[in-house]
Structure formats: C-alpha cells, structure tokens
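Residue numbers begin at 1 in each chain, while the letters A, B, ... track the order of the sequences.
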Number of protein chains: 2
Amino acid sequence: MESAKHQPSDTSGLAASARQGEASNAPAGKPARGTQSLADRLFLSLRKDIVEGRIAAGSKISEPELARRFDASRGSLREALMRLESLSLIERKVNVGARVVELTERGLLEIYDVREALEGMACRLAAENRSEEDLVELRQMLNRHEQQEELKKGTAYYQPEGDFDFHFRIVQASHNDLLIDTLCNKLYYRVRMYRYQLGMASPRAHRAFREHSHIIEAIEAGDGELAEILMRRHIRASRSNIENKLSQQN
Amino acid sequence: MESAKHQPSDTSGLAASARQGEASNAPAGKPARGTQSLADRLFLSLRKDIVEGRIAAGSKISEPELARRFDASRGSLREALMRLESLSLIERKVNVGARVVELTERGLLEIYDVREALEGMACRLAAENRSEEDLVELRQMLNRHEQQEELKKGTAYYQPEGDFDFHFRIVQASHNDLLIDTLCNKLYYRVRMYRYQLGMASPRAHRAFREHSHIIEAIEAGDGELAEILMRRHIRASRSNIENKLSQQN
DNA sequence: CCGACCAAGATTGTCGACACTTTTTAGTTT
DNA sequence: AAACTAAAAAGTGTCGACAATCTTGGTCGG
C-alpha cells in the first residue's frame with residue numbers, strides 16, 4: 001500500500017544479477033545496502049526471471065541450488081521465495097518445496113474476470129477523483145501512443161507495454177491505495193507472465209487505441225459510470241479475443 | 001489458490017496457543033507436525049490476535065519479544081510476520097521493524113469500493129456458474145438466517161457472522177479461484193479486523209436480510225446481470241451506512 | 001534553553017549448522 | 001522380471017550466533 005507512485009516498466013534499479021556491486025566474497029553479514037535488503041534484491045531478480053520465463057513455468061525450485069547461484073544464504077533466499085508466493089508466482093508445499101506456477105487457460109480467463117471488476121471500478125473512481133496532474137499525464141500518454149501507432153502502422157502496433165502504460169496510469173488516477181496495490185503490485189505481474197510466455201501481442205491494433213481514447217475522454221468528462229462501462233467492455237473484448245485464439249489452437 | 005473450500009469462521013484447528021500439544025522444551029529442530037509448520041501455526045495465531053485486537057492496531061511488533069513469548073526462534077516468527085505482511089495486516093520497513101496497520105476511515109472506505117467491484121463480479125459469476133450443490137447450500141443458509149432473525153427480533157440481529165456467511169458462500173459459488181482467494185483468504189481478514197475493532201454491528205437489521213434474499217433469488221434464476229447490480233447496491237448501502245455513522249462521530 | 005553531536009543499547013538482517021521429511025536408489029524376495 | 005523393503009541421499013524446517021543498522025539518552029556548544 002505504500003509505493004503508490006510507481007513506474008510501469010520496473011522501478012527496480014537492479015539488472016541481471018541480484019547482487020549489485022562487487023559480487024562475491026561476503027564473509028558473513030553484509031546486510032542492507034541503499035535501504036534495500038538482500039532478500040529484496042533476490043526477490044526482484046527472481047520475479048523478473050519468472051515473469052520473463054527464464055525460470056520455466058511449472059519447474060521445481062531448489063533452495064540450495066538457487067542460494068549457491070546467487071551466493072546468498074538459504075535464509076535470505078527463503079524470504080524472497082515467500083514473497084513470490086504471496087504474488088502467486090510460485091507455490092510452496094510444506095516439506096516438499098516450491099514450484100513456479102503453471103500457466104493455464106483457466107487461470108488466464110480468471111484473471112480477466114478479476115481485472116474487469118477491479119479496473120472497471122478503478123476507472124470509475126479515476127473519473128471521480130482524478131487530479132489535474134492525472135489528466136495531463138493521461139492525455140500526454142495518449143498522444144505518445146498515437147504517434148507510435150502512426151509510425152508502426154500495420155505492424156504489431158503498440159507493444160504490450162503501451163497497453164500496460166494505459167492501464168497502469170488509470171489505476172493510479174483512482175487514488176484508491178488498496179486498488180492500486182492489488183492491481184499494480186500484485187496482479188499485473190501475473191498478467192505480464194502470461195503475456196511474455198504465451199506471447200500475446202494483441203492484434204487488436206488501433207481498435208484498442210480507439211477504445212483507450214474513449215475511456216480517457218469519459219474520465220476527462222468526469223463521467224464515472226460511462227468510464228466504468230467502457231473499461232469493462234474493453235477488457236471483455238480483450239478476453240474474448242484471447243478466448244477465440246486459444247480455442248483455435250486446440 | 002488452493003484451499004478453495006474453506007469454512008467462514010476459521011478453519012484453523014488451533015486454539016489460543018500457537019504451539020499445539022506439549023508446549024515447551026524444544027532442544028533444537030522439532031519441525032512440522034501434522035503437515036503444518038511452526039511458522040504456519042504462528043501465522044494463524046498472530047493473525048487471530050491482530051484481527052481480534054489483542055495486538056493493538058498501530059502497535060509496534062518486537063521480534064525478540066514475540067519469539068520468546070511463543071517459544072520459537074526468530075526465524076520462524078519472521079516467516080509468520082512476512083505472511084501477515086502479505087495480508088496487509090502489518091507493515092514492515094527495512095531495518096526498522098514491523099507495525100500492525102492502523103485502522104483509518106479512508107482505509108475502510110477503500111475496502112468497500114474494492115469489495116463492491118469484486119463481490120459484484122463474484123455474484124455475477126455465481127449466477128452463471130453455480131452448481132446444484134451451491135444452490136442448496138445458499139438456500140439453507142438463508143433459511144437459517146431467517147430463523148435467527150425471527151428469534152432475535154429487535155436485538156442486534158444477525159451477528160456480523162451471519163453477514164459473513166452470506167458473502168463467503170456467494171464468493172465460493174463463483175468458482176473463480178482467483179476471486180475466491182483474493183476475497184476469502186486476503187481481503188476478508190482486514191474486513192473482520194475493522195468489524196471487530198470499530199465494532200460495527202450493522203443496524204440495518206432485516207433490511208439487509210431482504211437484500212440478501214433478493215440476491216440469492218437472482219442467482220437461482222441465473223440472472224448474472226441482476227445479481228451483480230443487487231450485490232453492488234447492497235455493499236454500497238452498507239458503505240453509506242458506515243459513512244454516515246463515522247461522520248456523526250466526528 | 002534549544003539544537004546538534006555522540007556513545008550505548010536494542011533491534012533487524014544474514015549466515016551456517018542441525019533435525020526431521022521426502023524422495024531416490026539399491027537390494028532382496030516372490 | 002516386477003514389486004516390496006530398506007538404506008542413503010537430497011531437501012526443507014528450525015535454531016542460535018554474529019554483523020550492520022536504527023534508536024535512545026546524555027552531553028556539549030551556541
């Protein structure tokens with residue numbers, strides 16, 4: 001609930017290796033550096049690896065192995081694993097161990113239903129509570145996306161990241177910290193995991209852009225009811241799109 | 001996401017003390033008993049203490065002290081604390097420590113908005129996906145509550161627990177595991193904390209009961225749209241009620 | 001008298017070691 | 001050869017100790 005302000009594409013200032021700076025030879029006890037614990041860095045690094053598929057979905061996680069790999073103690077690693085569990089990125093069983101979650105069609109569709117509910121509400125609240133600054137940022141973002149669309153007309157369009165920006169900003173504008181935390185700090189990591197690994201570059205190109213545009217207009221007009229309806233429809237359309245795609249594959 | 005079936009009033013089979021069975025003298029290493037780790041039991045016990053106010057909201061939590069009190073190592077206690085953090089029942093800062101969250105008016109109202117969104121969706125899904133068993137259980141519950149209402153006519157009615165039953169069952173009937181987990185295993189503990197400590201015995205007596213009744217009828221009829229609307233209205237009414245009550249106090 | 005600096009105490013983060021469980025492997029029996 | 005049993009290997013849960021950090025109370029200077 002704390003980090004309400006938070007940029008879309010990974011605030012964390014850590015790159016590949018979790019152990020920032022000089023990597024090795026830690027005699028024993030060399031804790032927190034820069035107001036960030038070792039467990040924090042392990043968590044961020046592992047989260048990235050899981051979301052982007054470098055640690056395969058469904059694979060087992062060995063504590064001793066990972067601890068060696070990161071040159072950390074099992075204790076710190078364990079703390080990171082527990083945080084991953086609270087994001088539902090891994091599952092742990094007592095005395096058995098941890099596994100990365102599986103990606104299932106059902107799981108994906110369930111996420112869409114939850115997003116429809118929460119982001120619909122976020123959109124309504126954004127229309128009611130948005131600050132002047134929110135309005136400026138939303139409009140700027142839309143212009144930026146429009147330019148990108150002009151440029152890459154016909155191609156994959158709008159990287160998934162563009163879509164992420166959009167949803168992220170609107171949720172921020174709701175000014176409901178619980179909602180922001182639930183979506184941006186919890187659910188979206190799983191959403192990204194599905195996007196990365198099932199590689200869903202939405203072919204809904206400028207249709208999605210037009211929908212985004214209308215939603216922001218409703219927010220600007222302060223029409224919460226309309227904003228919610230449009231957002232829910234937008235997400236449901238995306239869900240239908242995926243649903244068709246999946247049923248074709250099988 | 002696992003324990004989808006789960007009874008309202010605390011499934012956990014542990015009573016006051018976290019250390020079940022013989023309490024003391026653990027030489028070193030006497031782990032898991034009954035497929036439940038020590039950290040698990042500490043977590044459940046502390047969660048209860050926080051929700052019911054035996055550990056005051058806003059108070060600081062000392063790891064060494066609690067560890068002594070429960071006769072456990074700091075490591076196991078730490079694991080329990082991290083789980084509490086993921087429920088947003090405590091907040092931790094690096095190198096500073098943990099505090100029980102504060103109960104604020106704003107926080108309570110934020111929860112209502114999220115519940116309106118999620119439970120509205122749960123209700124819609126329940127109407128669409130409910131099994132025969134769900135229908136039987138929902139109807140039985142309603143009858144049980146009606147009897148209780150007849151009995152205690154005029155008094156506080158319907159303990160908050162009755163209301164909890166209701167919302168719990170409907171969420172279960174949605175058959176969306178993510179939704180069930182988010183509400184029943186995460187959000188509801190904070191809701192209970194507010195109820196216990198701000199002592200909100202809803203004076204909305206049989207009005208609430210009638211609303212519950214209509215919602216279940218919509219679910220029985222398979223009318224998802226109506227079910228969602230009624231649930232959202234029900235929660236919003238409850239929110240308004242609290243809002244008035246709070247503004248009167250100040 | 002108030003604010004800044006400093007030292008002692010308490011608290012948190014991290015680590016390595018040990019106990020108990022689960023899984024794997026080797027051996028024996030039917 | 002397949003299946004059951006038993007031992008060993010690997011893995012997880014728990015603990016106590018140590019190092020770094022934060023907090024508290026006191027002291028000094030303005």
Give the rounded distance in Å between these two atoms: CG of B/L77 and P of D/dG13.
-> 16 Å
Heavy-atom distance under 4.5 Å between the side chains of B/L178 and A/D113, does that happen here?
-> no
Closest to side chain of B/V96, choosing from D/dT23, C/dG13, D/dG11 = D/dT23
Any side-chain heavy atom of B/V171 sitting closer than 4.5 Å to one from B/L118?
-> no
Counting only side-chain N and O atoms of A/S76, is one of them less than 4.0 Å from OP1 or OP2 of C/dC15?
-> yes
Interatomic distance where CG belongs to B/L66 and P belongs to C/dT12 [whole Å] = 10 Å
To the nearest Å, how far apart are B/D71 CG and D/dC15 P?
-> 8 Å
Any B/R78 side-chain N or O less than 4.0 Å from OP1/OP2 of C/dT12 = no
Whole-Å distance, B/E63 CD to D/dT23 P, equals 14 Å
Over 60° means perpendicular and under 30° means parallel, so classify the ring planes of A/F164 and A/Y188, tilted if in between.
-> perpendicular
May I ask you to say what B/L81 touches in the nucleic acid, namely base, sugar-phosphate or nothing, with a heavy-atom cut-off under 4.0 Å?
-> nothing
Out of C/dG13, D/dC15, D/dG13, which has the shortest distance to the side chain of A/S37?
-> C/dG13
Going through the distances and angles, do A/S37 and A/D40 end up as a side chain to side chain donor-acceptor pair (under 3.5 Å)?
-> CA-CA 5 Å; A/S37 72; A/D40 269 322; 3.2 Å; yes
Rounded distance in Å - CD1 (B/I61) to P (C/dG13) = 13 Å
For A/R68 and C/dG16, what is the distance between atoms CZ and P respectively, to the nearest whole Å?
-> 13 Å
Polar side-chain contact A/R74-D/dG11 base: donor and acceptor under 3.5 Å | no
Partner residues of B/H175 under the ring pair (Phe, Tyr, Trp, His ring centres under 6.0 Å) criterion, sequence neighbours left out | none
May I have the distance from A/N95 (atom CG) to C/dT21 (atom C1'), rounded to whole angstrom?
-> 5 Å
More than 12 heavy atoms of other residues, nucleotides or ligands under 6.0 Å from CZ of B/R54: is that the case?
-> yes
How many Å lie between CD on B/Q36 and P on D/dT14, as a whole number?
-> 10 Å
List every contact pair, protein side and nucleotides 8-10 of chain D side both N or O, where the distance is under 3.5 Å.
none

Kindly say if B/K60 contacts the phosphate of C/dT12, meaning a side-chain N or O under 4.0 Å from OP1 or OP2.
-> yes
Using only side-chain N and O atoms of B/S73, determine if any of them is under 4.0 Å from OP1 or OP2 of D/dT14.
-> no
Between D/dG11, D/dC22, D/dG13, which nucleotide gets closest to the side-chain atoms of A/P64?
-> D/dG11
Minimum-distance pair of heavy atoms, taken over all atoms of A/I90 and A/A98 | CD1-CB, 4.1 Å
